[in-house]
Amino acid sequence: MTIKAFWDDPYRLRHEARVSAVSGDEIRLDETIFFAFSGGQESDAGFIGGHPVLEARKDGLDIAYRLPEGHDLVAGDAVAVEIDGLRRYGLMRHHFAAEMILQLVYALEPGIDKVGAHIGPAKARIDFARNGSISALFDALQARSAALVAADLPIITAFSDEANHRRYWQVEGFAQMGCGGTHPRRTGEIGTLSLKRKNQGKGVERIEITLDPRPFPA
């Protein structure tokens, strides 16, 4: 089973690992910093053993990585795992920004249903089952999210069930939520947040979230 080192330190961009299994163009590692698409959060981008990762996918509690054909890696090989820091930081920030907005929407409209979400490095979206424009909530969402960012509170992440790799994040005094994605250390890293409403039809309202661009922290 792959040890997911990205939970221990989501700011780590290079990691030494060992190939634990190979099946054609797919390999597995004993431990990794390379996140695979899960919970709506896109995969990282980068290299394993100098080969570009074409796809990262969850397989139960494990992660499989597809490399170019003829990659020549075999089980037992030591490899460097390297990820794109700017992409990772964008994913981290947009992921927590989306979950922050989600929790604020729940507080403003108890009982509202989330029906979809997607987290990319430059934009996140959340879809809700709702009749009527969700932009009616935007003034309150902007004010409350800005207050959380200004407070620069620590974002605590930990296991709720280590055996089954279930995780959560918590911001004291705000919310706690089950999530296995990558997150920044503090709410202040989210920065300036912009919201846009899109009507998806059939009673589905979308909130798109974009953040001011920031470099990977030194």
Side-chain angles (χ1 to χ4, degrees), residues 1-99 116-126 155 157 159 162 164-167 169 179-185 189-191 208-218:
M1 185 188 305
T2 306
I3 297 171
K4 299 177 177 68
F6 50 73
W7 284 333
D8 297 326
D9 183 4
Y11 295 82
R12 190 182 218 175
L13 302 183
R14 194 177 191 281
H15 185 69
E16 298 298 323
R18 195 166 295 276
V19 177
S20 59
V22 177
S23 178
D25 59 357
E26 276 198 347
I27 71 163
R28 296 166 194 253
L29 302 173
D30 61 345
E31 55 184 85
T32 186
I33 57 169
F34 202 118
F35 185 85
F37 181 87
S38 178
Q41 180 180 328
E42 293 181 11
S43 301
D44 285 319
F47 298 84
I48 295 176
H51 303 284
V53 176
L54 305 180
E55 180 188 17
R57 65 176 182 86
K58 282 187 65 179
D59 183 14
L61 300 182
D62 210 349
I63 297 177
Y65 300 102
R66 184 166 62 87
L67 305 182
E69 291 184 15
H71 58 71
D72 75 11
L73 295 176
V74 298
D77 280 352
V79 291
V81 183
E82 301 169 281
I83 62 170
D84 181 330
L86 195 59
R87 178 178 174 83
R88 161 61 69 83
Y89 199 47
L91 288 166
M92 289 164 59
R93 293 175 64 226
H94 280 88
H95 195 155
F96 187 76
E99 292 180 334
H118 187 88
I119 313 297
K123 182 187 292 186
R125 63 167 172 80
I126 318 170
I155 302 168
T157 59
F159 283 106
E162 188 168 2
N164 291 298
H165 287 199
R166 291 181 182 142
R167 303 271 296 177
W169 63 258
C179 181
T182 55
H183 302 88
R185 294 188 184 102
E189 293 182 64
I190 301 306
E208 291 186 345
I209 303 153
T210 55
L211 305 176
D212 62 308
R214 291 191 173 190
F216 190 87

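Because the structure is a prediction, the values reported are computed rather than measured. If you read the sequence from its start, that first residue is 1, and numbering goes on from there.
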side-chain contact (heavy atoms from CB on, under 4.5 Å) assessment of Ile27 paired with His71: CA-CA 10 Å; Ile27 71 163; His71 58 71; 3.8 Å; yes
Side-chain donor/acceptor of Asp77 to backbone N/O of Val74, under 3.5 Å: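 Side chain of Asp77 to backbone of Val74, a donor-acceptor pair under 3.5 Å: yes, one is there.
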Test log, rule side-chain contact (heavy atoms from CB on, under 4.5 Å), inputs Arg57 and Ile63: CA-CA 6 Å; Arg57 65 176 182 86; Ile63 297 177; over 6 Å; no
Determine the minimum heavy-atom distance between [X] and [Y], stating which atoms define it.
{"X": "His95", "Y": "Cys179", "answer": "NE2-SG, 3.3 Å"}
{"X": "Pro68", "Y": "Pro52", "answer": "CD-O, 3.2 Å"}
{"X": "Ala98", "Y": "Ile126", "answer": "O-CD1, 3.1 Å"}
{"X": "Leu86", "Y": "Pro215", "answer": "CD1-CA, 4.2 Å"}
{"X": "Ile33", "Y": "Val81", "answer": "CD1-O, 3.7 Å"}
{"X": "Leu91", "Y": "Pro121", "answer": "CD2-N, 3.5 Å"}

Contacts of type salt bridge (Lys or Arg N to Asp or Glu O under 4.0 Å), residue Arg66, not counting sequence neighbours: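 Counting only residues at least two positions away or on another chain, Arg66 forms a salt bridge (Lys or Arg N to Asp or Glu O under 4.0 Å) with Glu55.
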Note, Phe37 side chain near Lys58 side chain (heavy atom, < 4.5 Å):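 No, too far: nothing below the 4.5 Å cut-off.
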With no hydrogens and no angle check, just 3.5 Å: does a side-chain donor-acceptor pair link [X] and [Y]?
{"X": "Thr2", "Y": "Glu31", "result": "no"}
{"X": "Glu99", "Y": "His183", "result": "yes"}
{"X": "Lys4", "Y": "His165", "result": "yes"}
{"X": "Glu42", "Y": "His118", "result": "yes"}

Just how far is it from atom [atom1] of [X] to atom [atom2] of [Y], taken to the nearest 0.5 Å?
{"X": "Ile3", "Y": "Asp62", "atom1": "CD1", "atom2": "CG", "value": "11.0 Å"}
{"X": "Ser20", "Y": "Arg28", "atom1": "OG", "atom2": "CZ", "value": "7.5 Å"}
{"X": "Arg87", "Y": "Leu13", "atom1": "CZ", "atom2": "CG", "value": "13.5 Å"}
{"X": "Leu61", "Y": "Arg166", "atom1": "CG", "atom2": "CZ", "value": "9.0 Å"}
{"X": "Tyr65", "Y": "Leu73", "atom1": "OH", "atom2": "CG", "value": "13.5 Å"}
{"X": "Ile209", "Y": "Phe96", "atom1": "CD1", "atom2": "CZ", "value": "11.5 Å"}

So, [X] and [Y], do they make that salt bridge, N to O below 4.0 Å?
{"X": "Arg88", "Y": "Asp44", "result": "yes"}
{"X": "Arg14", "Y": "Glu82", "result": "yes"}
{"X": "Arg93", "Y": "Glu189", "result": "no"}

Criterion side-chain contact (heavy atoms from CB on, under 4.5 Å) on Val53 and His51, from CA distance to verdict: CA-CA 6 Å; Val53 176; His51 303 284; over 6 Å; no
Member of Phe34, Phe47, Phe6, Phe35 meeting the side chain to side chain contact (heavy atoms under 4.5 Å, CB included) criterion with Ile83: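 Result: among Phe34, Phe47, Phe6, Phe35, Phe34 is the only option passing the side chain to side chain contact (heavy atoms under 4.5 Å, CB included) with Ile83.
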Heavy atoms of other groups near Glu16 CD, more than 12 under 6.0 Å: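 It does: Glu16 CD has more than 12 such atoms within range.
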Residue pair Thr32, His15: steps toward the side-chain contact (heavy atoms from CB on, under 4.5 Å) verdict: CA-CA 7 Å; Thr32 186; His15 185 69; 5.9 Å; no
